[in-house]
Asker: 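Input: one structure, supplied below.
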Amino acid sequence: RGGGGGGSGGRRGEKVGNYNVRNDRGARLMGTPGRRKTPPRQLQQLGNTGSGDHKADLEEFASVNELDTRTVEALMGLQEDQQRKVMGTNGGENSFNLKEKVKNPNAVVMSRIRKLP
């Protein structure tokens, strides 16, 4: 390259768009100071206790979340209180409907199962 000025590389302290350019080589950019980030997500409502029919809740959980056979079998191998915790029907923090919230509901369910005591 060579030479000094010219071009649009930017000089120390120069603003380019919403960024401050640190130097003209490699142009390490830093976000605008004082810029607010997006607000934190609202917490989900807690306290889901299911329909009262545990077997129906299991079937609906597997259906709504389109769980594969391996995941359903792992879930069925648990004790009822553990199944409720994984499905979120024990009144705890887990969500019942995963399909709309996560990319891979099977992975989330298997992760919940692994975390059980």
Side-chain angles (χ1 to χ4, degrees):
R1 270 190 176 219
S8 59
R11 291 181 206 57
R12 184 177 294 270
E14 181 181 344
K15 268 186 101 65
V16 177
N18 286 331
Y19 297 95
N20 294 318
V21 177
R22 186 176 240 180
N23 62 35
D24 62 347
R25 285 180 231 170
R28 183 168 180 177
L29 303 176
M30 300 183 314
T32 304
R35 186 171 170 192
R36 299 194 75 141
K37 294 183 179 182
T38 57
R41 294 185 335 189
Q42 293 293 320
L43 294 176
Q44 65 184 359
Q45 259 189 335
L46 303 179
N48 181 9
T49 56
S51 68
D53 182 351
H54 181 67
K55 185 176 178 184
D57 288 345
L58 270 171
E59 291 173 6
E60 183 179 355
F61 183 73
S63 175
V64 165
N65 294 304
E66 300 176 7
L67 300 180
D68 62 25
T69 304
R70 177 178 160 258
T71 305
V72 172
E73 287 174 355
L75 185 59
M76 297 301 263
L78 301 174
Q79 297 172 4
E80 186 173 317
D81 62 320
Q82 293 175 315
Q83 291 172 341
R84 289 182 190 280
K85 182 172 178 90
V86 169
M87 294 189 304
T89 58
N90 68 339
E93 63 186 21
N94 287 340
S95 178
F96 186 84
N97 189 344
L98 302 170
K99 189 69 177 165
E100 298 173 357
K101 298 178 183 175
V102 300
K103 187 174 183 178
N104 187 345
N106 289 295
V108 172
V109 172
M110 293 304 284
S111 174
R112 289 178 181 181
I113 291 172
R114 280 191 302 275
K115 289 178 184 177
L116 290 171

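Nothing here was measured: the structure is a model prediction, and the numbers come from that model.
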Asker: Applying side-chain hydrogen bond (donor to acceptor under 3.5 Å, both in side chains), name anything that partners Q83, two or more places apart in sequence or on another chain.
Answerer: H54
Asker: For residues K101 and S95, report the shortest heavy-atom separation together with the two atoms involved.
Answerer: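 Result for this residue pair: NZ-OG, 3.0 Å.
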Asker: How far apart are the closest heavy atoms of D57 and S51, and which atoms are they?
Answerer: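 For D57 and S51, the tightest heavy-atom pair comes out as OD1-OG, 2.7 Å.
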Asker: Return all side-chain donor-acceptor pairs below 3.5 angstrom for residues 62-69, not counting sequence neighbours, or 'none' if the list is empty.
Answerer:
from : atom 1 : to  : atom 2 : distance (Å)
N65  : OD1    : L98 : N      : 2.6
N65  : OD1    : K99 : N      : 3.0
N65  : ND2    : F61 : O      : 2.9
N65  : ND2    : F96 : O      : 3.0
E66  : OE1    : K99 : NZ     : 3.2
D68  : OD1    : R70 : N      : 3.4
D68  : OD1    : T71 : N      : 2.9
D68  : OD1    : T71 : OG1    : 2.7

Asker: Check salt bridge (charged side-chain N to carboxylate O under 4.0 Å, His left out) between R84 and all other residues, then give those that pass, not counting sequence neighbours.
Answerer: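 Checked R84 against salt bridge (charged side-chain N to carboxylate O under 4.0 Å, His left out); matches are E80.
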Asker: Would you call V86 and V109 a side-chain contact if the rule is heavy atoms closer than 4.5 Å?
Answerer: yes
Asker: Kindly give the heavy-atom pair with the smallest separation between A74 and M110, and that separation in Å.
Answerer: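 Distance-wise, the nearest heavy atoms are CB-SD, 3.9 Å.
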Asker: Taking atom CG of L75 and atom CG of L58, what is their separation to the nearest 0.5 Å?
Answerer: 5.5 Å
